[in-house]
Amino acid sequence: MSKKNYKHMDDATRFKYQSLNAIERRKIIKKYSFISLIIIALLMMIAVVAVYTIN
């Protein structure tokens, strides 16, 4: 929601929208951090397997 629409809202409504936006942001951050950790773990597993099979 743009800032100009906030002029017609009271404080409770503005707080509600900010809280909902924060919850959505947190969900997105959780999702992408989980995916990135899985990718890092897979790369480490591939590196370990490669090191043990090369020797």
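Basis for what follows: all heavy atoms, side chains included, without hydrogens, waters or symmetry-related copies.
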*For the atom pair CZ (Phe34) and CD1 (Ile39), what is the distance rounded to the nearest 0.5 Å?*
11.0 Å
*Between Glu24 and Leu20, is a side chain to side chain contact (heavy atoms under 4.5 Å, CB included) present by the stated rule, with each step listed?*
CA-CA 6 Å; Glu24 286 298 316; Leu20 290 174; 5.8 Å; no
*Are Ile38 and Met45 connected in the hydrophobic side-chain network, where two residues link if heavy atoms are under 4.5 Å apart?*
yes
*How long is the gap from CD1 on Ile40 to CD1 on Ile35, to the nearest 0.5 Å?*
12.5 Å
